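Heads up: the structure comes next, in structure tokens.
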Amino acid sequence: TGNVAFDPGFMNTANARSAVTYIDGNNGILRYRGYPIEELAQHSTFIETAYLLIYGELPTPAQLEDFDTRVRRHTMVHEDLKSFFNGFPRNAHPMPVLSSAVSALSTFYADSLDPFDQQQVEISTIRLLAKVPTLAAYAFKKSKGEPMLYPQNDLNYTENFLRMCFGVPAEDYEIDPTMAKALDVLLMLHADHEQNCSTSTVRLVGSSHANMFASVSAGINALYGPLHGGANEAVLAMLNRIQQEGVKPEEFMEKVKNKESGARLMGFGHRVYKNYDPRARIVKDYAHDILEKLGGNDEQLDIAMRLEEKALADEYFVERKLYPNVDFYTGLIYKAMGFPEKMFTVLFAIGRLPGWIAQWREMIEDPETKIGRPRQLYVGEAERHYPQG
Ligand code: CMC
């Protein structure tokens, strides 16, 4: 096989030069286009951060207004796509429903899928940003058996999504500003994270010149797994189990450390961060305040904090440099907002969307991009012959 490097999980392989996101895992630093995540969380909005990630600079007020207006104008989805949701079972998980719906967008916009036509890439960018929250809310409504609400474009990005999820046609939906702001910040914290599993998937699929909808749909499926975006749902399942079965956090930790049954402390550990995940720090600071205002489950927050405290003082976790990641506290906040566990990873997907788009565009514009095609070390049989006679 010549000089092929063996690197399972791409621990040491850079697949791209990227100017989008910087992570220093040893020091717990995360920057979008050079701006520290802490400053963006404090001062920016999700839609402004989306612009920053995709176009490389913070927008001027006029640019932001233009961008925001274009996104708002495209929030509706084709009526035929609405009927598509009826084909799924009632208890369908909304992640595969969302990825299927995003994949289906290629069929509705078949005349503007050329990855090398700048205008078509631009309109696909806007369509994706605008329609994914609508599709996500439809998936949610479908699972509840409630009528789907059309978007209402005088509301901002996050408010519009909340209304489509929690509003009903018979009543006006009153936006809770605390909740809308908190969700906006959480989406922003998820907006990009360089070459993670789903983003690498988006790039890999796109490297074959598949269109942006097809690539992002694949990214949503990669995010679905419990070791990636699905971890936020898995954290809540873990906290529920500990609370309902009355397992002591100490006992649970022992089980994790003994690696019995392969249990992991979900929401802990990260391939790149060998220090506190800076996003988790911001979410944790928020969690107390938000849960108090929204009336969340304090007992579960206490369990989570006890687990964290134990882990950070435990040799097993210290030795392996395992710290809380972004998923550790987010689920508690989503739950307090009224989202069922099934929707947590969908919220992650809405948040990660600008990053996927920014990275797909960077990949397609990069003259160094080649089709992604890993090699292998063949360990199978040598040539042998089909038995005759
Ligand atoms: N609980 C217990 N042990 C762990 C954990 C954990 N959460 N994470 C890693 N370890 C141990 C692992 O068993 C291994 O031990 P040993 O050296 O004795 O074999 C060591 O730490 C290194 O782990 P690894 O699996 O080789 O590390 P990785 O870089 O391949 O995996 C990870 C990173 C995030 C998949 C992993 O830490 C994990 O499974 N965490 C739980 C799931 C989770 O919270 N995922 C969300 C990640 S952040 C947001 C996102 O990407 O969506």
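Start at 1 and go down the list; that is how both ligands and their atoms are numbered. Side chains included, hydrogens not; waters and symmetry mates left out as well; all remaining heavy atoms used. Source: prediction; values computed, not measured.
By the 30° and 60° cut-offs, the orientation of the rings of F348 relative to H228 is perpendicular. The aromatic rings of F140 and F166 stand perpendicular to each other, their planes meeting at an angle above 60°, with 30° marking the opposite boundary.
Atom 26 (O) of ligand 1 is not flagged as protein-proximal [any protein heavy atom, distance under 4.0 Å]. The nearest protein heavy atom to atom 42 (C) of ligand 1 is closer than 4.0 Å.
Of the heavy atoms in Y316, only side-chain atoms (C-beta onward) come closer than 4.0 Å to ligand 1. In K259, the part holding a heavy atom less than 4.0 Å from any atom of ligand 1 is the side chain. Using a 4.0 Å cut-off between heavy atoms, L227 contacts ligand 1 through both its backbone and its side chain. Contacts with ligand 1 closer than 4.0 Å are made by side-chain heavy atoms of L322 only, the backbone lying farther away. The proximity of R271 to ligand 1, defined as any non-hydrogen pair under 4.0 Å, involves the side chain as well as the backbone.
Judged by distance alone, the side chain of Y35 and the main-chain N or O of L58 form no donor-acceptor pair under 3.5 Å.
In this structure, G9 has no heavy atom closer than 4.0 Å to ligand 1.
Ranking protein heavy atoms by distance to atom 32 (C) of ligand 1, first place goes to R264 NH1, 4.4 Å.
At least one N or O atom of F268, backbone or side chain, sits closer than 3.5 Å to an N or O atom of ligand 1. Residue V326 has no N or O atom closer than 3.5 Å to an N or O atom of ligand 1.
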